[in-house]
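Below: one structure, written as structure tokens.
Numbers restart at 1 for each chain; the letters A, B, ... are given by sequence-line order, proteins then strands.
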Amino acid sequence: MKFTLSWLKDHLETDAAIDQIVEAMTMLGLEVEHVEDPSEKLKAFSVARILDAQPHPNADKLRVCQADTKDGRKEIVCGAPNARAGLVTVYAPIGAYVPGSGITLEARPVRGVVSNGMLCSGAELELDADADGIMELSDDLAIGIPIADALGLSDAVIDFEVTPNRPDWLGVAGIARDLAAAGLGKLKTKAILPVPGRFGSAIDIFTDDASACPVFAGRMVRKIKNGPSPDWLQRRLRAIGLRPRNILVDVTNYLSYDRARPLHVYDADKITGAIRARLGRAGESFKALDGKTYEVTPEMCVIADDARVLGLGGVMGGEESGCSDDTVNVLIESAYFDPLRTFQTGRATGINSDAKYRFERGVDPGFVVPGLDLATRMVLQLCGGEASDMIVAGDIPEGPRAFAFDPDRVRTLAGMNVPAAKSRTILRALGCDVNQDSEAAKRFLVQPPSWRADLQGPADLVEEIARVAGFDELPAAAPPALASGRRPPSSVGESRLRIARRALAAHGYLECVTWSFCARAHAQAFGGGADALVLANPIASDLDCMRPSALPNLLRAAQKNADRGFPDARLFEAGPAYRHDGDDGQVRTIAAIWKPAPKRSWRNPGPPDLFDIKADCLQLLETLSAPVASLQTSAAAPAWWSPGRSGALKLGAKVIAHFGDLHPRALRAIDVEGPALAFEIFVDELPAPRARPTRAKPALEKIDLMPLSRDFAFIVDDRVAAADLVRAALGADKALIADVTLFDVYRGAGVGEGKKSLAIEVTLQPKEKTLAEGDIEAASNAVVAAVMKATGGALRG
Amino acid sequence: MDAATTDIPALERDLLARIDQAGDEQALEMLRVEALGKQGLVSGMMRMLGAMSPDERQRMGPLLNGLKDRVGEAITVKKAALAEAALEAQLRASAVDVSLPGPRAYPGAIHPISWVMEEIAAIFADMGFVLEEGPDIETDFNNFTALNFPPKHPARDMHDTFFLAPDVSGERKVLRTHTSPVQVRTMLKQEPPIRMICQGRTFRKDSDATHTPMFHQTEGLVIDKTSTMADLKGVLMGFVKAYFEVDDVVVRFRPHHFPFTEPSAEMDVRCDRSGGVLKIGQGQDWLEILGCGMVHPNVIANCGLDPNEWQGYAFGMGVDRLAGLKYGMPDLRDYFSGDVRWLKHYGFSPFLLPGLAQGL
């Protein structure tokens, strides 16, 4: 919202400079966006009088004018048809920048005659769209005065934002009240005297729905003469960005900004029968002042006469019942419309009017009648005519309730020391009625004013007192000691993500943070895309679904990097994936991808493959204290992983991770060129660390006896998983076998069709005594037997 | 050979000279056998000692023993020297061009958002704040109603909320527009006193250089019986000093409106923007950095606590913006693009620790 300094001074007697006013507004909670001084851009322009205007010797449409200016007499070439002797107009000297045409004036000949400056139109000064001729100013203006002064445009315009809790700030008078309370000056808003009626209104007024429109006040003014508003009113409206239209419309706009009181004026001669506020009916429609036709619904509050809908209450009036210059008899409406319904009507229709903006935030119910009197008085003053009696249909809604307030709350809640007497003064300056509570000596009984529906309890008053007394007075206290002992500052899951970030970054992966959403088609390619996770109002069609995994977003990021000329990306994200919309539907994941570029190397190491990414995955799991030795590897990864070249790491029934090559079809679905390796760890599935009574670690068990190792090769069926063989060997003698490492896989001659040879090294760790040959023999036999039983294989001869 | 008649010094000179000239280990071994082997020269002469007169033996014994020791020592020394030379030669033969590249190194880095969230959490952890968590997909109650946004109220519109499709019961989940629902969850599950922060992803339907549809917040909540806005100011000043690493900081509380706090304020810090570099703590400009206030009695009541018994404060800040202010990252949209150039440039080493002990 905007207002001007001079407008503020209608309500506030103050000598404060604009800077002080802006600072005070800021510290009262009004966010000032900027202050514009319109005289700044007009400072080169001044008032001049044309003394003589002769036809240009070389051009029919040009005139050579002699003008009396602040720089003395100047010869100026002018093309305006209204350039004539005696005209008082605008002069711009050589060197002036003309904002409307974007040029800086130079002294140069125009068709052979040098022009020593310029006579300007309103458009050239950006004051007016109209460029038919140079400005025609009042004859009585002194030659040479700045044009901003001549036009009354030296008034600073303050543009600010109003928080939704303060509809009273949507009127200049409301801002003046707060500034006065804060000591910036004296409130001088004039009292409103009732305007007596001269006749009974010919139009009856009703309100049919007490919740949608609890009160509808109106009165007629007849035999008026509408027309352009006086200069002062036009200037005010223009200064805050409103276009003056005619007196009746301008008065309603003026009071909307002056008193936060929206009004509507109907042409009484276009109303059929009575006028009433009621709910809309299906099938009704009306043509609004914006020229558009709106369908009315039963949720909307309409103003209707006996024949048709005239407008949407509190939102926008209708074109057909609107006022024109020819209007003679009017009905002025001042009503209270339900904020919520007004808001919803605004949203349903897309209309965003000044009236709607105020009604949806809640106008002052106590100002319905005074506002109507004020409007009536202005119309009578500016248009003449006579006013009818006022009709008030319905009941004025009750304002905020009175409540008890202990002024010591300012200290105990805000931590500020404001004396009770000062608190009382502040509350009164804001319009509250403050009395001593009869029940407790030191307590106040506070009745907030009708325009402060936001003051509902002691905390609200503490805020009022604190902000008016000034937050500058707020001391900073040292945080008090903890009442209880410390707990670990973050959860196990969160700590694991932090560790994972460090581990992966140290291992050459770049951490990304990508959107929690992705395209639904992408989600579907990675096992997601359920209806429950689709956004009803996505910001873009390719961000319309909660991601089932960070993988598609990471892969897309890698592809975009490749498209920019940076292939070979190793990226990860430690963040959420979404399974369903319930409380436990969000899971913590660590997703990592490696989209290797085909790189040549003089060492010929071969391209990275799924075993590289598997190793990274396992190393990370190890770092996260996962029971890596207990994990079972299976080839059963979901559909977006490449069959036969991907796997799952499980702990019992729980899937801890997937790893491997991504399925070319999944990559194609998200428009990513393969191959791409990845893993995804489901952090919440990792067992919680065992709770220990102390931080002390168990004693180190160090055995002095030398471990020894034996190699075995088995011929097994090609389908046998190496991990099964290794697990069988490990389990053959749990007391003795410390490690089993698979070191060779061989297919081909000597092994047989459909078979392979797997070679393992088994490490035996004696614990109590050096192993005798017999012990080793027994352990070896156990390994062979266990492997044969588990895999159906045989020892290689 | 007759020991008595042999010129032992000459023999020694001869043997030592030949040892010195031995070209390889094999030649040296032959020399050892010739001199010290069972049938060797020195051994032969030593055997004759037994046939000598005591006087002669007295004279010849030490001479021969000395000869044996010195020849043996010379052979050992020479043998070691030959082995060293052989190793050197072998190594020289296997020399490579060490300027050839090794396997490709991949640079890794931690994303600035993660880093800054850890920094912030570390500062508040030091003040006794515990990190609480909650989901990104929230109920309307937790995100709005409990926080004193009445149903259908226009204030909800200011949040540009993302909605999910309504479920069978007609309930429409939202993507949380702030992390405040975690405060609600904490108050609902935990008896005060409460001193918590929460961090994470938040969502609003907005996109330009300073707004992204997903962003991050850190919020704090203290609920007890005595905390005031002055305590809030103290905590936040402590935070600003630690986060921006300045000893002195001037802040101001500016009244504002949030449905969930009363009184409400935004906190500005003094800053200097001259020269295109932002300096916190000095200068003539104000920089808005967070919103805060005393928890609204309605919120306390909505979370099952008695507002006549409990009070406290809450604050919330935009992590992405704070990260940008501290580390000079201008466009928020870059944060989420996964551009490796940006990640390498603005990312953090995994070997640094964002904590008060190391310095942030």
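What you find for B/Arg201 and A/Thr514 is that their closest heavy atoms are NH1-O, 3.0 Å. For the pair A/Asp581 and B/Ile137, the tightest heavy-atom approach, listed with the atom from each and the gap, is O-CG2, 3.8 Å. Heavy atoms only, all atoms of each residue included: A/Asn561 and B/Val340 are closest at OD1-N, 2.9 Å. Residue A/Ala476 comes nearest to B/Lys233 through the heavy atom pair CB-CG, 4.0 Å, listed as atom of the first residue, atom of the second, then distance. In terms of heavy atoms, B/Pro255 sits closest to A/Met27 at CG-O, 2.9 Å.
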Worksheet entry | Step-by-step side-chain contact (heavy atoms from CB on, under 4.5 Å) determination, B/Tyr106 to A/Asp568 | CA-CA 9 Å; B/Tyr106 289 87; A/Asp568 206 6; 2.8 Å; yes
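Across A/Asn553, A/Val462, A/Leu30, A/Asp583, the residue that shares the most heavy-atom pairs under 4.5 angstrom with chain B is A/Asp583. No other option in B/Gly134, B/Ala165, B/Pro213, B/Ala265 has as many heavy-atom pairs under 4.5 Å with chain A as B/Pro213. Contacts with chain A were tallied for B/Asp206, B/Ile113, B/Val174, B/Thr228; B/Thr228 has the most, counting heavy-atom pairs under 4.5 Å. Of the listed residues (B/Glu132, B/Lys344, B/His296, B/Arg254), the one with the most heavy-atom contacts under 4.5 Å to chain A is B/Arg254.
Heavy-atom distances place the backbone of B/Tyr335, and not its side chain, under 4.5 Å from chain A.
Applying the side chain to side chain donor-acceptor pair (under 3.5 Å) rule to A/Tyr509 yields the partners A/Asp616; only residues at least two apart in sequence or on another chain are considered. Partners of A/Val587 according to the side chain to side chain contact (heavy atoms under 4.5 Å, CB included) rule, which considers only residues two or more places apart in sequence or in another chain, are A/Ala577, A/Arg579, A/Thr589, A/Asp684.
Counting non-hydrogen atoms of neighbouring residues, nucleotides and ligands closer than 6.0 angstrom, the CZ atom of A/Arg347 reaches no more than 12 such neighbours.
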